[in-house]
Number of protein chains: 4
Amino acid sequence: MSPISSVEFEKKRAVSRKKIIDTALMLFGSNGFANTSISQIAKEAGISKGLMYNYFESKDDLLEKVILETVESMQGFYLEFLEEADARKMLLKMIDFTVEFLKTEKEFNVLLTSLGLQKESHPIIKKIASEKINQLMPLFLTKMNDAGIPDAENEIYIMGAVMDGLAVQYLTTEDEVHLMRVANALKKRYNLGNL
Amino acid sequence: MSPISSVEFEKKRAVSRKKIIDTALMLFGSNGFANTSISQIAKEAGISKGLMYNYFESKDDLLEKVILETVESMQGFYLEFLEEADARKMLLKMIDFTVEFLKTEKEFNVLLTSLGLQKESHPIIKKIASEKINQLMPLFLTKMNDAGIPDAENEIYIMGAVMDGLAVQYLTTEDEVHLMRVANALKKRYNLGNL
Amino acid sequence: MSPISSVEFEKKRAVSRKKIIDTALMLFGSNGFANTSISQIAKEAGISKGLMYNYFESKDDLLEKVILETVESMQGFYLEFLEEADARKMLLKMIDFTVEFLKTEKEFNVLLTSLGLQKESHPIIKKIASEKINQLMPLFLTKMNDAGIPDAENEIYIMGAVMDGLAVQYLTTEDEVHLMRVANALKKRYNLGNL
Amino acid sequence: MSPISSVEFEKKRAVSRKKIIDTALMLFGSNGFANTSISQIAKEAGISKGLMYNYFESKDDLLEKVILETVESMQGFYLEFLEEADARKMLLKMIDFTVEFLKTEKEFNVLLTSLGLQKESHPIIKKIASEKINQLMPLFLTKMNDAGIPDAENEIYIMGAVMDGLAVQYLTTEDEVHLMRVANALKKRYNLGNL
DNA sequence: CATGAATGAGCCTTCATTCAT
DNA sequence: GATGAATGAAGGCTCATTCAT
C-alpha cells in the first residue's frame, strides 16, 4: 500500500515512453507516417490511446521525438569513425558502419529518407541533413587532404553520393547481396581490402 | 443541335485526363500520396471531385496511371544514351541526362523514390526498379568491358550507387549547386571533361 | 436524306421508352430501387444516360411509370378470372393465374411488394393495394355467396391471405416446387381438382 | 481520479450499443436499409457518427447484428406455442402469437421481409427463413397428424401461406382491423373459438 | 496515472441530374 | 433527338484528439 516512490514512477514512465518511441519508429518506417494510426501504435505498444497523449502532445510531436531521440541514441556510435586518424581506415570504417547502420536501423533510415523527400518536411529533418553536409564534409576533407589523397574534394562529393545511393538502393530493394557487392566494390576501388 | 461527335468527346476527355494526371503527379510528388486528397487534386486541376472517377477507378488507380504514363512519356528520352557507342561518351550522356531528368521531373522522381521506400509498394514500382537493374546494368557492363575500362563491374556498381545518391541528395535538398558539383566531380573522375 | 416521318419518330420513341421501362423493372425488381443506378439502366437498355431524362423526369418518375404501365399492361389479363360465372371455377382460375403471374412477372411482384412495405411508399402502391381489397373482395363475396359457399366472407379473408402468402413465399425462396405444393393443397381443399 | 473500471466501461458500451441497435432496427424497418444513412441513425440515437464504428465494423455488420440480436431476444417467446400438446390449442396460440408479434415488432418484420425479397439477401436472412421451414414444418405436421386432423400436410402448407399472407398484408397496410378480421376468420375456420 | 468511449472533421467514393455540343 | 462530360451533394468510413471516470 505504500505509494510508489517518484523514482519508480519515473522509471515506469521512461519504459512506457521508450516502448512508444520504438513502436512508432518501427511502424512509421514500415508503413509510413500517414499510414500509421495512433491506435495501432498504442495497441502494439501495449498501452492505451489516451496515455499516448500523456507523453506526446500530438502525432506530429511523436514523430519529432521519435527522430530526435533515435538520432540522439545513435550519436556516439554515429560519428565514431571520424576519430580514426588514418584516412583510409576511416573510409573503411565509414563504409562498414554505413552497411551495419542500414541493416540494423532500416526503419529509421526509411523514415528519415521518406520525410526528407517531402517538400514541407519537418525542420528536424532538414537540420539533420544539413548537419551531415556542413559538419561531416569539412572533417572528411581535412583528413583526406592530410592523407595526400589527390582531388580530395571531388572524391568526397562522390563518396557522399555513393553512401546515399547505397542507402536508398538497400532501403528500396532490401537486397543485402547487392548492398555487400557495392560495399566491396568501394573497398576495392579505394584499396581498403588489406586494412 | 447535332450530337457531339465521338472525336470531340475524345478530345475533351484527353484534356481533362491530362490535367488530372499532371496535377496528381505534382501533388503526389510534393506532398506524398497519402497526404494528397482527391479534393485537393480536383480543386488544383479546376474540375469537380466526381469527374476524377469518370477517368480513374480509384485513387490507387490514379497513382498507377500517373506513374505508368509518366514513365511511358519519357521512354524514348530515357534510354537514348544507351545508343552511344563510345563508353565514355555514354557515361557523359548518362550523367547529363540524369541531372536534367532530376531537375525537370523532380516531382516524378520524388514520387517514385518515396513509393519505392514503402514496404508494400505498388507492383509497378517494383517493376520499374527491377527493369533498371536487370536491363540497364548488363548493357552498361558490356559497353564498358568493350571499352577496356578496368574493373568494369565494380565501377558499374559504384556508378549505380552514385547516380541514385545524386538523385536522393538533390530531391532532398533541392540544392542545384551541390547537384552540379557532384556531377562535375564525376566527370572529372572519369575524364569526361573534354568530350 | 429525307427526314424521318413523325410517325417513325414516335415509333422509335416508343421502342426506346419500352426498353427503358422493361430494363428498369427488371433491375428494380432484382436489386431494389435504391441499389439500381440510372447509369446501369441506361447501359443495360442500350441508351445514353441523358436520353433517360428525355423520357422521364427523374428516377422517381421512372419508378412511377414502371409500376403504372406494368400494371396497366396486365390489366385485362389481371382480372379475367372475375368473369367466370361459376365460383369454384373462378377460384381455380385465380389460383392458376396467380401461380402463373408470380412465375412470369417475378420482378414486378418483388418490386411491388418491397415498395408496399416501405412506410413512405409511393401513392400508387397504396392505390393498387387498396384496389385489390376494395374492388376485388366484394366481387368475390357476391360470387361465393351466390354459389352457396358457407361462411363465404371468412373464406375470402383466408383466401386473400393465402394468395399473398403464396406470393411472398415464392418471391422470397424462388422455390417453385413449394409454390406448386401450396397451390395444389388449395385446390384439394376447395375440391377444384375435377374442374 | 481512479481509472474507470472495466465493469463501468462495459455498462457504457452496452447502453450505447443497444441505443444504436434499436434505432437502426426502427429506421431500417421504416425506411429500408438502403435508405437509412449512418448519419441518420447516429443523429436519431443521439450519438456521433464515428461511434457507430466503435461497435460495428460496417453498415452491413450493423444490419447483421440488428437481425441476429433481435431474433435472439425473441427466441424463447418465439416458439413457445410449440410446447402446447393439443394441436388445436397450438394453432390458436400460434395465431395469437403471430398477431401479437406483428403488432409489437412491426419494424423487425418489415425489415426481414424486405431483405428476404432481395436477390442477394444476407446469408442470415436465408438461414432464418430456412429454419422456419425446416424446423417448424415437421413439428407441426407431427402434432397435427397426432391430433387426427385430416389432410394435415395440405393444411400445414395452407396455414403457412396464410400466416405469411397475414404478415405481409398487415405490414403493407398497417390495417389492424383487417388483421384481426383474418385472424378471427382463421379461428372460426379451425373451430378454435371455444378454447 | 490510465482507460477507452466519444467526437467530428475529413477522406474516398457514388450517383442523380444538368448541359454544352 | 442524343451523347456523355461535368457537377456536387451525400454516403460510408477512418482517425487524431478529448475527456469523464
Side-chain angles (χ1 to χ4, degrees), chain A residues 4 9 12-13 16 34-43 47-60 62, chain B residues 1-6 8-13 15-17 34-42 46-60 62, chain C residues 4 9 12-13 16 34-43 47-60 62, chain D residues 1-6 8-13 15-17 34-42 46-60 62:
Chain A
I4 301 178
F9 261 135
K12 268 188 84 173
R13 271 190 77 82
S16 282
N35 299 317
T36 304
S37 72
I38 293 288
S39 294
Q40 206 180 337
I41 297 172
K43 187 181 288 176
I47 60 153
S48 74
K49 234 183 330 184
L51 193 53
M52 275 264 343
Y53 288 84
N54 206 311
Y55 292 101
F56 306 96
E57 278 177 15
S58 66
K59 198 188 173 190
D60 275 324
L62 172 60
Chain B
M1 218 53 81
S2 65
I4 298 181
S5 74
S6 67
E8 271 169 299
F9 270 134
E10 217 42 63
K11 233 184 288 173
K12 269 188 106 170
R13 280 189 74 83
V15 170
S16 288
R17 201 175 186 286
N35 298 318
T36 304
S37 74
I38 295 290
S39 294
Q40 209 179 333
I41 296 173
I47 58 155
S48 74
K49 231 182 339 178
L51 190 57
M52 261 273 335
Y53 292 87
N54 209 320
Y55 297 98
F56 305 96
E57 282 178 10
S58 64
K59 197 187 173 191
D60 273 325
L62 172 59
Chain C
I4 301 176
F9 262 135
K12 268 188 85 175
R13 272 190 75 82
S16 282
N35 299 317
T36 303
S37 73
I38 293 289
S39 293
Q40 207 180 337
I41 296 172
K43 187 180 291 177
I47 60 152
S48 75
K49 236 184 325 183
L51 193 52
M52 275 265 344
Y53 288 84
N54 206 314
Y55 292 101
F56 305 97
E57 279 176 14
S58 67
K59 198 185 172 191
D60 275 325
L62 172 60
Chain D
M1 217 51 82
S2 67
I4 298 179
S5 74
S6 67
E8 271 168 298
F9 270 133
E10 217 42 62
K11 232 183 289 173
K12 268 188 106 167
R13 281 188 74 82
V15 169
S16 288
R17 201 175 184 287
N35 299 318
T36 304
S37 73
I38 294 291
S39 294
Q40 207 180 334
I41 296 174
I47 59 157
S48 73
K49 230 181 342 175
L51 190 56
M52 262 269 337
Y53 293 87
N54 209 320
Y55 295 99
F56 305 97
E57 281 177 11
S58 64
K59 199 187 172 192
D60 273 325
L62 173 59

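Here is how names work: the chains are called A, B, and so on, in the same order as the sequence lines, proteins then strands, and each is numbered from 1.
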Would you kindly check whether a donor in the side chain of Lys49(B) faces an acceptor in the base of dT7(F), or vice versa, at under 3.5 angstrom?
no

Rounded to the nearest 0.5 Å, the CE atom of Met52(C) sits from the NZ atom of Lys49(C) at a distance of 11.0 Å

To the nearest angstrom, the CE-C1' distance between Met52(B) and dC11(E) comes to 13 Å

Between the CD1 atom in Ile41(B) and the CZ atom in Phe56(B), the distance rounded to the nearest 0.5 Å is 9.5 Å

### Query
Which part of the nucleic acid does Leu51(A) contact within heavy-atom distance under 4.0 Å: base, sugar-phosphate only, or nothing?
base

Rounded to whole Å, the CD1-P distance (Ile41(D) to dC13(F)) equals 11 Å

Rounded to whole Å, CD of Glu57(A) lies from P of dT18(F) at a distance of 10 Å

Assert: residue with more 5' nearest nucleotide on DNA chain F, out of Ala34(D) and Arg13(C), is Arg13(C)

Here the distance between atom P of dA9(E) and atom CD1 of Ile38(D), to the nearest Å, is 18 Å

5'-most contact on DNA chain E (nearest-nucleotide basis), Lys59(B) vs Asn54(D), goes to Asn54(D)

In terms of heavy-atom contacts, Ala34(B) and Ala34(A) come closest through CB-CB, 3.5 Å

5'-most contact on DNA chain E (nearest-nucleotide basis), Ser39(C) vs Ser58(B), goes to Ser58(B)

When every non-hydrogen atom of Lys59(D) is compared with those of Ile38(D), the smallest separation belongs to CG-CD1, 3.7 Å

Phosphate contact (dT14(F) OP1 or OP2) by Tyr53(D) side-chain N/O below 4.0 Å: no

From CD of Glu8(D) across to C1' of dA2(E) the rounded distance in Å is 14 Å

Is any side-chain heavy atom of Asn54(C) closer than 4.5 Å to one of Arg13(C)?
yes

note: Phe56(A), atom CZ; dC1(E), atom C1'; distance rounded to Å ~ 16 Å

Nearest heavy-atom contact between Gln40(C) and Asn35(C) is OE1-O, 3.8 Å

For dA2(E), take OP1 and OP2 only and decide whether either is under 4.0 Å from a side-chain N or O of Tyr55(A).
yes

Rounded to whole Å, the CZ-P distance (Arg17(D) to dA6(E)) equals 13 Å

Margin query: I want to check one thing: is the phosphate of dA6(E), taken as OP1 and OP2, less than 4.0 Å away from some side-chain N or O of Ser16(D)?
Written below: yes

Note: Tyr53(D) and Ser58(D) closest approach over all heavy atoms is CE2-CA, 4.0 Å

Lys11(B) atom NZ is separated from dG4(F) atom P, nearest whole Å, by 17 Å

When Gln40(D) and Ser48(C) are each assigned the nearest nucleotide of DNA chain F, the 5'-most assignment goes to Ser48(C)

Closest of dC15(F), dG4(F), dA6(E) to the Phe9(B) side chain is dG4(F)

Picking from dT7(E), dA2(E), dA5(F), the nucleotide nearest the side-chain atoms of Lys12(A) would be dA2(E)

Taking five pairs at each terminus, the helix from dA2(E)-dT21(F) to dT21(E)-dA2(F) shows an axis bend, to 10°, of 10°

